[in-house]
Amino acid sequence: MNYDHQQVEGKILSEHKKNNDFFCDVSKSNKKFYSLAMFPYPSGNAHMGHVLVYTLSDVKARFKKLKGFEVLHPMGWDAFGLPAENAAIKHKVRPDSWTKSNIHKMKNEQLNGEGWSFDWDKELNTSSPDYYRWTQWLFLEMLKANMAYKKAGYVNWCPIDQTVLANEQVINGHCYRDGAVVEKRLMDQWFFKITAYAPKLWDDLEKLIHWAPEAVAVQRNWINKNIGTNIDFSVNDLNDTIRVFTTRADTLFGVCAVVIAPEHPLVAKILSKSPSPEIKSYVESALKKSQVERMQSKEKTGIKTSVKCQHPFPEFAPEKEVSVWIGDYVIGDYGTGAVMCVPGHDTRDFEFAQKFKLPVYEVIVPNKEYAQGNLKEAYTEFGTLINSGPYSELRSQTAIEKITHDLVKKGHGEATTTFQLRDWSVGRQRFWGCPIPIIYCQKCGTVPVPEKDLPVELPIARDSDMEDGVLNLRQFHDFVHTKCPHCHGPAKRETDTLDTFLCSSWYAFRFIDNKNTKRPFDSNVVNSWMPIDFYVGGLEHAAQHMIYFRFITKFFKDRGLVNFDEPVEYFFCNGMVRQGGAKMSKSKGNVVVPTEIINTYGGDALRFYILSDTPAELDRDWDDKGIKSKQEFIKKNFNNLSNYLDTVKHIIPQRGDLLKFKHQELLFDLFGGLSQLEEQLEKNLFNNAVAKVHELSNSLLKTINTLKDLTESDHGTLKSLIADYLVAIGILLPFTAEMLLKEYFGQERSLYKSTWPMMDNRYLTRDFISIAVQINGKKRALIEIKKNSSEAEALAVAFNDVDVKKNIEGKEVLKKIYVPGKIINIVIKG
RNA sequence: GCCCAGGUGGCGAAAUUGGCAGACGCACCAGACUUAGGAUCUGGCGCCGUAAGGCUUGGAGGUUCAAGUCCUCUCCUGGGCACCA
């Protein structure tokens with residue numbers, strides 16, 4: 001049989017389809033493995049990134065299957081989202097039909113040719129009512145748990161997409177999708193109280209020992225825990241207090257002002273007490289500014305109010321009372337939205353003080369000997385306190401504790417922890433998403449849709465609905481106008497849809513029990529299959545998706561739905577596939593289309609190539625030069641094996657007595673190589689595994705091409721070894737291996753139903769090994785010794801070696817080191 | 001500024017606990033077979049050197065019989081976060 005990739009792969013693909021080879025029986029969970037790659041958005045264009053990520057989950061799935069695990073390797077579609085809607089507007093196609101046809105295209109044309117071992121029985125689609133019904137249920141659960149709320153707040157508004165963005169979707173003040181400058185708008189928004197889980201999300205980062213470290217770092221950055229102190233400054237004029245948050249309570253006696261954010265509630269109070277057009281206009285313009293503008297203006301801005309507030313320890317402070325300022329460098333929704341301005345020891349406060357000529361008080365010095373003087377810049381390190389009343393001469397760390405303690409005692413503050421994580425804004429003013437199951441009744445107010453009425457189905461968008469260039473649920477009157485579930489009076493539905501990150505925050509649970517019509521999933525089954533044993537995806541999802549996924553899992557646990565609190569045991573972050581240093585993109589015209597590569601070189605060649613060389617977790621530059629040589633390797637491997645197997649068709653494969661086998665060297669290569677391959681696959685060193693397959697093949701083909709005088713039983717042994725070899729390399733070259741296995745070892749054979757080859761331990765190590773002899777740390781000779789040589793035996797061989805003799809001649813030997821199986825080092829004088 | 005990842009031949013890279021640096025592959029070179037080669041096979045291939053030999057894992061120190069690997073300092077590249085108090 002001659003290798004023809006299209007013929008081989010076509011045949012194997014149709015067999016998989018016919019036999020439903022990759023079905024997972026979730027009831028068999030005592031030895032389970034859940035291998036999951038982040039499901040795709042059905043854009044209609046599969047790219048090399050998809051090939052990489054699904055190949056990784058597939059390799060892992062196939063390997064674990066051979067090792068006797070019941071493997072769940074599902075696939076589905078993250079189908080809601082903007083591109084469908086934009087396509088609808090642009091091409092006048094319904095978002096649902098656009099999505100459906102893309103799914104069809106990707107499933108049957110684009111993601112098919114690799115022979116991935118997906119169990120399509122578990123397929124799901126987040127835009128299908130039988131899925132989003134449960135996304136809506138999840139929303140109602142949040143509501144029940146008091147974890148969902150609607151609040152008027154400043155939200156990130158993308159003027160191009162005409163929608164609110166989550167903080168995670170704002171990159172340096174720009175929309176993550178189209179780069180538009182994000183504006184601030186005051187709107188009523190649905191939020192999930194993810195901040196209630198901030199401490200757990202933070203603490204449990206420690207449990208993620210099998211996560212890619214950079215993914216943990218991204219989360220840590222995002223949640224950002226800060227331990228500090230809330231300090232109250234009383235505002236006597238307004239009979240109120242300003243609470244500031246600081247991590248540096250030790251700098252309390254350097255305060256020259258208190259600065260509040262333009263969003264701070266006290267602003268209104270100040271204005272109503274003493275109206276000031278200047279303050280009003282400053283605040284208004286600051287609020288209008290986008291986050292970028294606020295950040296970009298290098299110079300600090302601010303305005304002094306007529307209000308003063310009192311220092312909590314007036315007796316020791318440089319100023320008993322300081323002015324309250326409004327400054328837009330203070331962030332409204334971080335900490336308390338107010339800071340104490342300590343120019344001497346905070347760079348931002350220093351700039352602010354410089355600009356407005358505020359006094360700089362020096363209260364921390366590096367050490368006692370330090371001569372204080374005019375600070376040229378803020379000293380922000382820890383140090384020793386000065387000019388701080390009774391706290392002078394304390395070290396910063398001690399002072400923070402003591403000052404906090406005393407503030408608490410006086411009722412002027414508290415120790416506190418803040419997180420940078422903000423509540424999750426889950427509403428989107430878009431059509432193609434999961435409708436929020438909420439009804440607004442004039443009489444009863446905000447009424448959740450009763451569970452029995454779920455799903456709240458998304459109406460079908462007709463061409464006429466798309467004419468004004470925007471799709472919005474508000475346009476669908478039949479949808480909007482409904483009856484109140486309580487009083488049955490006229491009412492209106494919520495027209496926002498849910499952030500698609502909510503859809504994808506629980507899909508991994510649903511895969512396990514995707515046909516359940518009574519519940520989102522059966523807790524017992526999910527408990528037996530999760531956490532996910534191997535989750536693959538890009539680092540770009542480490543912040544948003546992964547944090548929501550963890551949050552929802554913890555929420556489910558608190559609701560008694562699952563018994564674990566982290567969803568992912570092992571998170572593998574695959575690198576990016578670039579082209580010429582740039583991310584592949586349609587606009588750059590540098591997209592390499594996987595289907596074309598598969599047509600030319602074959603699925604095995606592509607798979608083998610993408611796993612080779614560059615470790616899967618590192619970014620790579622796509623280069624199709626190397627793929628041809630992979631195809632040639634596969635062809636050579638296939639044809640040589642096939643030629644040999646044709647000549648021994650009549651011989652029954654039988655391992656037999658290996659000690660009698662003629663080619664003993666092959667046995668060492670094969671069993672040694674297979675056991676290393678096993679370890680590499682276990683440790684996710686896929687590029688090394690590819691190299692190992694090359695070595696195994698080189699050694700096997702060399703043997704096959706030099707065979708002579710083999711007995712029938714030798715051939716039987718060799719044939720059985722080839723079968724073992726095929727099963728193992730089938731993890732990396734499934735088509736080739738499956739074809740040869742079926743052709744020469746029985747049509748009923750299937751890689752996926754095989755088991756990892758039995759090793760023969762006698763061939764894992766050799767009797768004689770070669771070790772290096774160093775003299776003064778430099779390699780001078782290589783000697784052959786018996787594996788278990790004693791020190792004396794090994795040294796005797798070493799000292800007998802010509803090169804060793806030459807090097808130590810006439811020198812004094814100071815020390816002899818023998819590390820069994822590793823090395824000999826002889827230390828000589830001079 | 002903070003956090004993370006990385007730096008090894010012409011290239012992608014490999015190297016259990018510190019123990020023969022460069023596995024495997026690409027590219028290249030030489031040869032064989034061929035009408036032909038973008039096919040196949042054989043051999044070579046870190047750098048300097050005719051050789052003997054010397055040098056070599058971004059750089060500088062250190063620990064050690066022994067360092068790509070451990071410690072201290074430092075430079076560079078990629079990525080994330082960022083007026084977060």
Side-chain angles (χ1 to χ4, degrees), chain A residues 171-173 212-222 224-226 228-229 244-248 251 259 261 291 294-298 300 327-331 333-342 345-349 351-352 380 418-422 539-540 542-543 573 575-576 581 608-609 612-615 617-621 623 625-630 632-633 635-636 639 676 679-680 683 685 687-698 705 770-783 814-828:
Chain A
I171 315 292
N172 278 327
E214 59 271 37
V216 180
V218 165
Q219 297 237 335
R220 185 165 284 126
N221 249 331
W222 198 260
N224 193 17
K225 178 178 174 172
N226 262 309
T229 313
V244 304
F245 171 71
T246 181
T247 55
R248 292 297 301 271
T251 65
V259 189
Q291 197 65 37
R294 261 170 86 161
M295 269 162 41
Q296 268 170 356
S297 54
K298 286 190 187 81
K300 294 276 177 291
D328 71 359
Y329 78 97
V330 179
I331 292 165
D333 57 358
Y334 182 75
T336 59
V339 299
M340 56 184 202
C341 182
V342 185
H345 307 288
D346 181 279
T347 37
R348 295 148 305 186
D349 294 344
E351 284 169 33
F352 191 74
T380 58
T418 47
F419 295 89
Q420 201 167 307
L421 187 72
R422 310 295 154 84
L539 187 60
E540 70 273 19
C573 261
M576 240 199 294
F608 204 51
Y609 178 59
S612 69
D613 301 338
T614 305
E617 59 270 33
L618 300 183
D619 289 351
R620 74 188 59 211
D621 223 28
D623 174 2
K625 261 194 247 154
I627 193 165
K628 190 163 172 51
S629 77
K630 292 298 183 219
E632 279 157 7
F633 166 79
K635 197 170 166 183
K636 185 173 74 177
N639 290 346
Q676 285 161 21
E679 191 184 337
Q680 284 154 349
K683 291 182 175 168
L685 305 170
N687 54 331
N688 294 3
V690 169
K692 199 52 70 185
V693 170
H694 273 284
E695 285 182 45
L696 282 166
S697 165
N698 289 345
N705 293 325
S770 96
I771 66 167
V773 182
Q774 296 182 333
I775 289 161
N776 283 353
K778 283 198 160 79
K779 181 181 149 195
R780 295 298 180 192
L782 216 52
I783 57 167
L814 297 175
K815 203 170 181 180
K816 294 170 266 190
I817 291 136
Y818 170 58
V819 184
K822 299 266 164 97
I823 210 160
I824 290 172
N825 194 5
I826 300 164
V827 186
I828 57 172

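Residue numbers begin at 1 in each chain, while the letters A, B, ... track the order of the sequences. Just so you know, these numbers come straight off a predicted model, no measurement behind them.
Nucleotides C33(B) and C24(B) are separated by 28 Å at their P atoms, to the nearest Å. Distance noted for atom P between C73(B) and G80(B): 27 Å (whole Å). Atom name C1', nucleotides G19(B) and G68(B): the rounded distance is 13 Å, in whole Å. G9(B) and U64(B): their P atoms are spaced 29 Å apart (whole Å). To the nearest whole angstrom, the two C1' atoms, one in A60(B) and one in A14(B), are 27 Å apart. Only the C1' atoms considered, G37(B) is 37 Å distant from A21(B), to the nearest whole Å. Using C1' as the reference atom, C70(B) and U57(B) are 16 Å apart when rounded to the nearest Å. Between A39(B) and G6(B), the distance separating the two P atoms is 37 Å to the nearest Å.
Within the 3.5 Å criterion, the main-chain N or O of Thr614(A) finds no donor-acceptor partner in the side chain of Asn687(A). A donor-acceptor pair under 3.5 Å links the side-chain atoms of Gln219(A) to the main chain of Ala542(A), judged by distance alone. For the pair Asp619(A) (side chain) and Met576(A) (backbone), a donor-acceptor distance under 3.5 Å is present.
Distance Glu632(A) CD to C41(B) C1': 13 Å, rounded to the nearest Å. Distance Ile826(A) CD1 to C20(B) P: 16 Å, rounded to the nearest Å. In this structure, CG of Leu685(A) is placed 6 Å from P of A15(B), rounded to the nearest angstrom.
Between Phe352(A) and Tyr329(A), the two ring planes are tilted [angle within 30° to 60°].
Residue Arg780(A) places its side chain closer to G54(B) than to any other of G54(B), A5(B), G80(B). The side chain of Ser629(A) lies closest to C26(B) when the candidates are C20(B), C26(B), C24(B). Side-chain proximity of Leu618(A) to C20(B), A13(B), G12(B): nearest is A13(B). Minimum atom distance to the side chain of Glu679(A) is reached by U16(B), of the listed U16(B), C3(B), C41(B). The side chain of Thr614(A) has A13(B) as its nearest neighbour among C83(B), C20(B), A13(B). When distances are taken from the side chain of Val218(A) to each of G25(B), G80(B), C83(B), the shortest belongs to G80(B). Nearest nucleotide to the Glu214(A) side chain, out of A15(B), C4(B), A13(B): C4(B). Checked against A5(B), G25(B), G19(B), the side chain of Pro213(A) finds its nearest nucleotide in A5(B).
Salt-bridge formation is not detected for the pair Arg248(A)/Asp346(A): no Lys NZ or Arg NE/NH1/NH2 atom is positioned less than 4.0 Å from an Asp or Glu carboxylate oxygen. Between Lys636(A) and Glu632(A) no salt bridge is recorded (no basic side-chain N to carboxylate O distance below 4.0 Å).
Within 4.0 Å (heavy atoms only), Asn698(A) reaches sugar-phosphate atoms of the nucleic acid but no base atom. Nucleic acid contact for Ser770(A): base, since at least one base atom lies under 4.0 Å from a heavy atom of the residue. Contact annotation for Val773(A): no contact, since no heavy-atom pair falls under 4.0 Å across all strands. Ala691(A) comes within 4.0 angstrom of a nucleotide base, judged by non-hydrogen atoms across all strands. Across all strands, Asp349(A) comes closer than 4.0 Å to no nucleic acid atom at all (heavy-atom distances). Within 4.0 Å of Lys630(A), counting heavy atoms only, lie sugar-phosphate atoms of the nucleic acid but no base atom. Gln420(A) comes within 4.0 angstrom of a base, heavy atoms only. Counting any heavy atom pair closer than 4.0 Å across all strands shown, Lys625(A) reaches no nucleic acid atom. Across all strands, Thr246(A) comes closer than 4.0 Å only to sugar-phosphate atoms, never to a base (heavy-atom distances).
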Measure all distances between protein nitrogen or oxygen atoms and nitrogen or oxygen atoms of nucleotides 55-66 of chain B, and list the pairs falling under 3.5 Å.
{"unit_1": "C65(B)", "atom_1": "O2'", "unit_2": "Asn825(A)", "atom_2": "ND2", "d": "3.0"}
{"unit_1": "C65(B)", "atom_1": "O2", "unit_2": "Asn825(A)", "atom_2": "ND2", "d": "2.8"}

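For the 3.5 Å distance criterion, the side chains of Lys779(A) and Gln774(A) fail to qualify, holding no donor opposite an acceptor.
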RNA chain B in dot-bracket, Watson-Crick or G-U pairs under 3.5 Å, [ ] crossing, | other strand? (((((((..(((......[....))).(((((.......))))).(((....)))..(((((..]....))))))))))))....
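Residue side chain Lys300(A) reaches the base of C83(B) through a donor-acceptor N/O pair under 3.5 Å, judged by distance alone.
Map Arg220(A) and Asn224(A) each onto its nearest nucleotide of RNA chain B; the residue landing nearer the 5' end is Arg220(A). Closest-nucleotide positions on RNA chain B for Leu539(A) and Val690(A) were compared, and the one nearer the 5' end corresponds to Val690(A).
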